Amino acid sequence: MSTTYLYSRICAYNNGWFVLGGKIPDFVAVDGQKKLVELFGEAYHTSDEELERVVYFARFGWQTLVVWASELRLPETVDKVRVFMNGKG
């Protein structure tokens, strides 16, 4: 499975079309799953904010995966997102 397939078919970039509890998640599953992927930059976010965001969206029944900008160059990051998106729940 290519990264293009992974990001274009399973997640859609959210440019403001989806708001959940007053927040705009970065990527939203478009395959019927209630899953979100947030992209956090180390200059703008802390590890505390990661947990806060996951817990916040869970209140609405959504699972959230946070990917840090420093992870984007790592080949295993695609697998991390793939496992999250393909997992049950």
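Because the structure is a prediction, the values reported are computed rather than measured.
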Minimum heavy-atom separation for Phe18 and Leu36, please, with both atom names.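 Between these two residues, the closest heavy atoms are CE2-CD2, 4.2 Å.
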Would you say Phe27 ends up clustered with Val19 if hydrophobic residues are merged whenever their side chains have heavy atoms under 4.5 Å apart, either directly or through other cluster members?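 Different hydrophobic clusters.
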Is a side-chain N or O of Lys35 found less than 3.5 angstrom from the main chain of Trp62, in a donor-acceptor match?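 No; zero donor-acceptor contacts below 3.5 Å.
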Does some side-chain heavy atom of Ile24 sit less than 4.5 Å from a side-chain heavy atom of Trp17?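 No - every pair of side-chain heavy atoms lies 4.5 Å or more apart.
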Atom pair CG/CG of Leu39 and Asp26 - distance to nearest 0.5 Å: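 It comes to 5.5 Å.
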Would you list the atom pairs, donor with acceptor, under 3.5 Å between side chains in residues 65-75 and any protein atom, with sequence neighbours excluded?
| residue | atom | partner | partner atom | Å |
| --- | --- | --- | --- | --- |
| Trp68 | NE1 | Glu50 | OE1 | 3.0 |
| Ser70 | OG | Glu42 | OE2 | 2.6 |
| Glu71 | OE1 | Trp68 | N | 2.7 |
| Glu71 | OE1 | Lys80 | NZ | 3.3 |
| Glu71 | OE2 | Lys80 | NZ | 2.7 |

Taking only distance into account, with no hydrogens and no angle test, what donor-acceptor pairs under 3.5 Å do side-chain atoms of residues 51-61 form with protein atoms, sequence neighbours excluded?
| residue | atom | partner | partner atom | Å |
| --- | --- | --- | --- | --- |
| Arg53 | NH1 | Glu38 | OE2 | 2.5 |
| Tyr56 | OH | Gly21 | O | 2.2 |

Please lay out, stage by stage, how Lys34 and Gln63 fare under the test side chain to side chain contact (heavy atoms under 4.5 Å, CB included). CA-CA 6 Å; Lys34 292 178 79 172; Gln63 292 179 310; over 6 Å; no
